[in-house]
Amino acid sequence: MRKMISLFAVCTPLCTDTVWEDWYRFCMRQEQENGFAFSHVSCSTETLNPNGIRTRSRYLKKIEACIDRKEEISHIEFYLLPKDFYQAVFDFKVYMGLSLRSGDCEITVEDRFWDAFAYPLYFEQLRKFLRITKAEVNLLPHNQTFNYNVNCILNTNGVRKKYGVIEQIYAE
């Protein structure tokens, strides 16, 4: 069974003027430190409103320009996908997304991809530009990650549905 380690946090920006620049730098630093390059990105801004994801090579400079112009951005997501992927939401090896619209940050990696998922370090780095109010790090089956994060962690009515959490690594 393919397993994913997922850091999911409910959050708000400490400074709305710099949050996207900080998020972008954080994600690019993960590439350098962990020896991979994101293959695809998604972003919704005043001038960019993609219907789905775009290849990094065609879209990254446009996202950088939107950040530099201080455009209103609702989300920026980075994906590492295999060349023959079918559905990005299920086929990624690494996903990093920040959404101000839904107020969440997610870093999810295939458990075999990184030997040491340094979630305490990631929380420390994220807290430099995000106010985290609730967070969990879980080991989940790859097909349960999105449902668990949205239906259980973002759920505000307190009713938790049953999902296939293999191991809860951290919660606050």
Side-chain angles (χ1 to χ4, degrees), residues 3-45 47-48 50 52-83 85 88-89 91-140 142 145-146 149 153 169-172:
K3 301 174 201 167
M4 309 300 278
I5 300 171
S6 182
L7 177 160
F8 191 88
V10 178
C11 59
T12 56
L14 293 176
C15 177
T16 54
D17 289 340
T18 59
V19 68
W20 294 115
E21 182 179 329
D22 294 334
W23 173 247
Y24 181 84
R25 276 188 277 147
F26 170 81
C27 292
M28 295 300 104
R29 195 168 47 249
Q30 300 318 307
E31 281 186 331
Q32 292 172 344
E33 292 174 3
N34 294 290
F36 70 91
F38 291 109
S39 58
H40 292 77
V41 295
S42 175
C43 181
S44 181
T45 74
T47 59
L48 302 176
I53 63 173
R54 302 286 191 260
T55 60
R56 172 197 180 114
S57 60
R58 300 175 109 192
Y59 218 60
L60 201 56
K61 292 291 182 199
K62 293 177 182 179
I63 292 173
E64 290 171 354
C66 291
I67 292 169
D68 289 345
R69 288 191 304 264
K70 304 282 189 203
E71 285 190 30
E72 186 175 325
I73 300 173
S74 65
H75 77 271
I76 299 177
E77 301 170 326
F78 295 92
Y79 297 82
L80 175 59
L81 291 161
K83 288 184 184 196
F85 79 94
V89 72
D91 294 343
F92 65 85
K93 293 190 178 298
V94 178
Y95 167 80
M96 293 185 176
L98 176 61
S99 172
L100 295 187
R101 184 181 315 131
S102 57
D104 63 76
C105 177
E106 179 180 349
I107 301 170
T108 299
V109 301
E110 191 172 44
D111 74 327
R112 296 176 297 223
F113 189 74
W114 280 336
D115 291 334
F117 185 72
Y119 72 87
L121 178 62
Y122 300 144
F123 276 125
E124 180 183 316
Q125 292 173 5
L126 292 170
R127 283 190 171 104
K128 291 178 181 176
F129 60 94
L130 296 173
R131 183 174 294 108
I132 297 173
T133 56
K134 184 178 181 182
E136 287 188 18
V137 179
N138 294 297
L139 182 63
L140 298 157
H142 80 284
T145 304
F146 177 77
N149 289 339
I153 300 173
I169 300 168
Y170 176 83
E172 65 178 60

TODO: Run the numbers on Ile76 and Val41 for side-chain contact (heavy atoms from CB on, under 4.5 Å), then give the verdict.
DONE: CA-CA 7 Å; Ile76 299 177; Val41 295; 5.8 Å; no
Open item on the list: A side-chain contact here means heavy atoms from C-beta on lying under 4.5 Å apart; do Cys105 and Leu126 qualify?
Closed with: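 They are in contact (side-chain heavy atoms under 4.5 Å apart), so the answer is yes.
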- [ ] Find out whether Met28 and Glu64 are in side-chain contact, i.e. whether some heavy atom of one side chain is under 4.5 Å from a heavy atom of the other.
- [x]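 No - every pair of side-chain heavy atoms lies 4.5 Å or more apart.
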Could you give the distance from [atom1] ([X]) to [atom2] ([Y]), rounded to the nearest 0.5 Å?
X: Arg25; Y: Trp20; atom1: CZ; atom2: CH2; answer: 14.0 Å
X: Ile63; Y: Cys43; atom1: CD1; atom2: SG; answer: 4.5 Å
X: Thr145; Y: Leu140; atom1: OG1; atom2: CG; answer: 4.5 Å
X: Ile107; Y: Phe123; atom1: CD1; atom2: CZ; answer: 8.0 Å
X: Glu124; Y: Leu121; atom1: CD; atom2: CG; answer: 6.0 Å
X: Ile67; Y: Thr18; atom1: CD1; atom2: OG1; answer: 11.5 Å

TODO: Show your reasoning for whether side-chain contact (heavy atoms from CB on, under 4.5 Å) applies to Phe92 and His40.
DONE: CA-CA 10 Å; Phe92 65 85; His40 292 77; over 6 Å; no
To check you understand the geometry: which heavy-atom pair defines the closest contact between [X] and [Y], and what is its length?
X: Ala171; Y: Glu136; result: CB-CG, 4.0 Å
X: Leu139; Y: Ile5; result: CD1-CG1, 3.7 Å
X: Glu106; Y: Ser6; result: OE2-OG, 3.8 Å
X: Leu14; Y: Lys128; result: CD1-O, 3.5 Å
X: Thr45; Y: Ile73; result: CG2-CG1, 3.4 Å
X: Arg101; Y: Ser74; result: NH2-OG, 2.7 Å

Do any N or O atoms from the side chain of [X] and from the backbone of [Y] form a donor-acceptor pair under 3.5 angstrom?
X: Glu31; Y: Phe38; answer: yes
X: Thr133; Y: Val10; answer: yes
X: Lys70; Y: Asp17; answer: yes

Open item on the list: Using a 6.0 Å cut-off, check whether atom CZ of Arg58 has over 12 heavy atoms from anything other than its own residue.
Closed with: no
- [ ] Would you indicate whether Glu72, at its atom CD, is surrounded by more than 12 heavy atoms from other residues, nucleotides or ligands within a distance under 6.0 Å?
- [x] no
- [ ] Mind running side-chain contact (heavy atoms from CB on, under 4.5 Å) on Leu130 and Leu98 for me, showing each step along the way?
- [x] CA-CA 10 Å; Leu130 296 173; Leu98 176 61; 4.1 Å; yes
TODO: Just do the side-chain contact (heavy atoms from CB on, under 4.5 Å) check on Lys62 and Arg54 with the steps written out, would you?
DONE: CA-CA 11 Å; Lys62 293 177 182 179; Arg54 302 286 191 260; over 6 Å; no
Task: Centroid separation Phe26 to Tyr24 less than 6.0 Å - done: no
Task: Tyr79-Phe85 aromatic ring centre distance below 6.0 Å - done: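 Tyr79 vs Phe85: aromatic centres not under 6.0 Å.
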TODO: Anything under 30° is parallel, anything over 60° is perpendicular, the rest tilted; go ahead and classify Phe78 against Trp23.
DONE: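 Geometry flag for Trp23 against Phe78: tilted rings.
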TODO: Could you check Tyr122, Phe117, Phe8 and say which one makes a side chain to side chain contact (heavy atoms under 4.5 Å, CB included) with Val137?
DONE: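 Answer to the side chain to side chain contact (heavy atoms under 4.5 Å, CB included) test with Val137 among Tyr122, Phe117, Phe8: Phe117.
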